[in-house]
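Below, read A as the first sequence line, B as the second, and so on, with proteins coming before strands; counting in each chain starts at 1.
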Number of protein chains: 2
Amino acid sequence: MATASQVSPHIREKRRRRRAQILSAALRAFREQGYHATTLEHIAERLGVRKTALYHYFPDKEALLYACHLESLAQVHRTVAEARERFTTASEQLAHVIREHVRVMTDTLEGSPLAFETTALAPAHQAEVIASRDAYEHALREMIERGIAAGEFRPVDPKVPVFAILGAINWIARWYRPEGSLHAPELGNQFADHLIHGLACR
Amino acid sequence: MATASQVSPHIREKRRRRRAQILSAALRAFREQGYHATTLEHIAERLGVRKTALYHYFPDKEALLYACHLESLAQVHRTVAEARERFTTASEQLAHVIREHVRVMTDTLEGSPLAFETTALAPAHQAEVIASRDAYEHALREMIERGIAAGEFRPVDPKVPVFAILGAINWIARWYRPEGSLHAPELGNQFADHLIHGLACR
DNA sequence: TAAGAATTCTACTACACGTTCAAATTCTGT
DNA sequence: ACAGAATTTGAACGTGTAGTAGAATTCTTA
């Protein structure tokens with residue numbers, strides 16, 4: 001039977017890069033027009049290729065969407081891990097997550113799928129993505145709870161500020177344009193400042 | 001030529017109510033599955049009717065979307081006017097707008113279209129909706145600027161908190177379910193508290 | 001209760017788009 | 001330069017769905 005190791009590293013790497021290009025094109029198209037309004041021809045057009053070429057890398061349209069989701073979820077989970085490694089106080093950790101989440105929404109746009117609806121995903125993929133989002137939300141909630149316990153934050157139902165924070169950041173996908181004047185890290189700092197100050201004790 | 005006054009008030013009222021029913025069904029469908037994923041048959045199904053019946057009230061699918069947008073925009077603009085009439089300080093006005101915006105996102109769901117993308121609208125309609133959204137954003141920006149001038153708020157670029165506030169609130173359309181535990185006005189109060197406290201001077 | 005208006009239905013059309021498949025082309029390693 | 005693999009293409013198919021037309025039904029009013 002054929003094994004993966006039979007193809008040369010060079011070929012594998014080339015294919016990996018091509019997949020990334022396709023994913024990036026799909027991401028941008030989905031972000032601008034939404035999943036359903038985006039045709040495979042639109043995505044292919046951005047790559048100077050016909051839509052059928054895409055099938056060499058992804059089995060169907062939904063797979064493109066799913067891959068976009070996984071990519072962005074990995075980003076924010078990595079950020080949570082970083083925050084826990086590098087910082088101790090809840091405010092510092094939360095600020096880091098906010099700044100980095102803003103960054104992936106603006107610098108690379110790779111965070112955009114966090115703002116996508118999950119309804120277009122296949123049921124199994126949808127469940128997985130929702131679970132991963134829940135885990136992210138849970139991590140933020142935990143930070144806020146620790147901040148409250150430590151006396152950094154006012155005692156509130158942590159669910160509410162988590163939704164507010166994620167909404168504020170994910171909404172960036174709607175209005176942000178790379179040509180505009182607002183960019184991370186400045187935007188990230190201001191968001192972190194505003195949203196965390198809203199939690200802080202007087 | 002036929003004039004509107006030839007049909008009886010009763011008929012006009014009945015038709016008006018039917019339109020509202022259809023719009024409400026469309027709104028909920030769009031909110032749950034997105035515009036493109038929603039078929040006219042879906043909307044009709046909620047009303048116990050066939051899709052072709054809808055064409056008696058709206059010329060096409062896009063008209064449904066457009067009407068949804070107009071409805072919700074009218075709501076928030078009304079709220080801004082109310083805030084200016086009833087309150088004087090920037091914090092009070094802003095708090096009122098936030099609470100009411102949260103309310104239309106949860107109580108009636110009629111605010112949901114504020115969270116819809118505008119790309120599915122016909123160009124002319126899109127331009128109009130975007131202009132109306134801009135006016136709403138501008139009103140919020142103005143409140144924040146006045147709050148800064150009055151010393152209520154810290155001096156910041158007002159654009160940033162406006163985006164944060166609108167994102168936090170509009171994001172409600174994504175996670176809010178009427179069966180859940182969080183509801184306006186409690187949710188509205190907490191959002192107003194969190195988001196305005198984030199602007200306040202220490 | 002009957003005429004006419006309003007509403008909804010059935011049957012149909014047109015077309016956009018996801019997907020398949022085999023042929024054509026380009027790339028890779030020897 | 002050649003063989004074989006990787007990639008892309010053109011042509012075609014099937015399906016889902018927005019929208020149309022006219023008949024059937026229900027509602028309104030006098």
Side-chain angles (χ1 to χ4, degrees), chain A residues 1-26 29-30 32-68 119-122 125, chain B residues 1-26 29-30 32-68 119-122 125:
Chain A
M1 59 190 85
T3 65
S5 57
Q6 286 180 352
V7 300
S8 77
H10 176 220
I11 293 290
R12 284 183 70 83
E13 174 63 13
K14 194 182 160 194
R15 184 181 174 85
R16 197 193 60 77
R17 271 213 281 268
R18 191 64 171 145
R19 276 181 59 104
Q21 283 180 349
I22 293 173
L23 231 46
S24 173
F30 293 155
E32 286 170 22
Q33 323 183 306
Y35 176 74
H36 291 287
T38 300
T39 71
L40 290 173
E41 204 61 70
H42 282 146
I43 297 170
E45 204 174 356
R46 290 175 181 244
L47 300 160
V49 105
R50 295 270 170 229
K51 65 179 172 182
T52 45
L54 306 180
Y55 284 88
H56 205 254
Y57 300 90
F58 295 91
D60 52 31
K61 190 184 176 187
E62 191 265 353
L64 284 166
L65 182 65
Y66 177 54
C68 286
T119 51
L121 291 166
H125 292 165
Chain B
M1 59 190 85
T3 65
S5 58
Q6 285 180 350
V7 301
S8 78
H10 176 220
I11 294 291
R12 284 184 71 82
E13 174 62 15
K14 192 182 160 192
R15 184 180 174 87
R16 196 192 61 75
R17 272 212 280 268
R18 190 62 170 148
R19 276 181 59 104
Q21 283 180 352
I22 293 172
L23 231 46
S24 173
F30 292 156
E32 286 170 21
Q33 322 183 308
Y35 176 75
H36 291 287
T38 300
T39 71
L40 290 174
E41 205 62 70
H42 282 145
I43 298 170
E45 205 174 356
R46 290 174 182 244
L47 300 159
V49 106
R50 296 266 171 237
K51 69 175 173 185
T52 45
L54 305 180
Y55 285 89
H56 205 253
Y57 300 91
F58 295 91
D60 53 29
K61 189 184 177 188
E62 191 266 352
L64 285 166
L65 183 65
Y66 178 53
C68 286
T119 49
L121 291 166
H125 291 164

> Any sub-3.5 Å donor-acceptor pair from A:His42's side-chain atoms to A:Thr39's backbone N or O?
Replying inline: yes
> Taking atom P of D:dT17 as reference, at what distance in whole Å does atom CD of B:Gln33 sit?
Replying inline: 10 Å
> Over how many whole Å does the gap from B:Glu41 atom CD to D:dA18 atom C1' extend?
Replying inline: 11 Å
>> What is the first contacted nucleotide of DNA chain C and what is the last, in 5' to 3' order, if contact means an atom lying under 4.0 angstrom from a heavy atom of chain A?
In response: C:dC17 to C:dG29
>> If you count every heavy atom of other residues, nucleotides or ligands that lies below 6.0 Å from B:Arg46 atom CZ, does the total exceed 12?
In response: yes
>> By nearest atom, which of the nucleotides D:dA18, D:dT9, D:dC27 is closest to the B:Lys14 side chain?
In response: D:dC27
> Rounded to the Å, how far apart are B:His42 NE2 and D:dT17 P?
Replying inline: 7 Å
> Looking at B:Ala26 and B:Leu64, what are the two nearest heavy atoms and their distance?
Replying inline: CB-CD2, 4.3 Å
>> Between A:Lys51 and D:dT9, is there a contact of a side-chain N or O with OP1 or OP2 at under 4.0 Å?
In response: no
> Are A:Arg15 and D:dT7 close enough that a side-chain N or O sits under 4.0 Å from OP1 or OP2?
Replying inline: yes
>> Nearest whole Å is fine: how far is D:dT8 C1' from A:Leu40 CG?
In response: 15 Å
> Of the residues in residues 54-64 of chain B, which ones touch DNA chain D at a heavy-atom distance under 4.0 Å?
Replying inline: B:Tyr55, B:Asp60, B:Lys61
> Can you tell if the side chain of B:Arg50 reaches within under 4.5 Å of the side chain of B:Glu45, non-hydrogen atoms only?
Replying inline: no
> If you count the non-hydrogen atoms of other residues, nucleotides and ligands that lie under 6.0 Å from CZ in A:Arg15, is the total more than 12?
Replying inline: yes
> Looking at CG of B:Leu65 and CG of B:Leu121, how far apart are the two atoms once the value is rounded to the nearest 0.5 Å?
Replying inline: 4.5 Å
>> By the 4.0 Å heavy-atom rule, please label B:Thr39 as base, sugar-phosphate, or nothing.
In response: sugar-phosphate
>> Below 4.0 angstrom, which residues in residues 16-24 of chain A have at least one non-hydrogen atom near DNA chain C?
In response: none
> Can you check whether B:Glu62's main-chain N or O pairs, donor with acceptor, with B:Tyr35's side chain at less than 3.5 Å?
Replying inline: yes
> Does atom CD of B:Gln21 have more than 12 heavy-atom neighbours, drawn from other residues, nucleotides or ligands, at distances under 6.0 Å?
Replying inline: yes
> Out of A:Glu13, A:Lys14, A:Arg19, A:Arg18, which residue meets the side-chain contact (heavy atoms from CB on, under 4.5 Å) rule with A:Arg16?
Replying inline: A:Glu13
>> Tell me the closest heavy-atom pair linking A:Leu23 and A:Cys68, and the distance in Å.
In response: O-SG, 4.0 Å
> What's the shortest heavy-atom distance between B:Thr38 and B:Lys61, and which atoms?
Replying inline: O-NZ, 2.8 Å
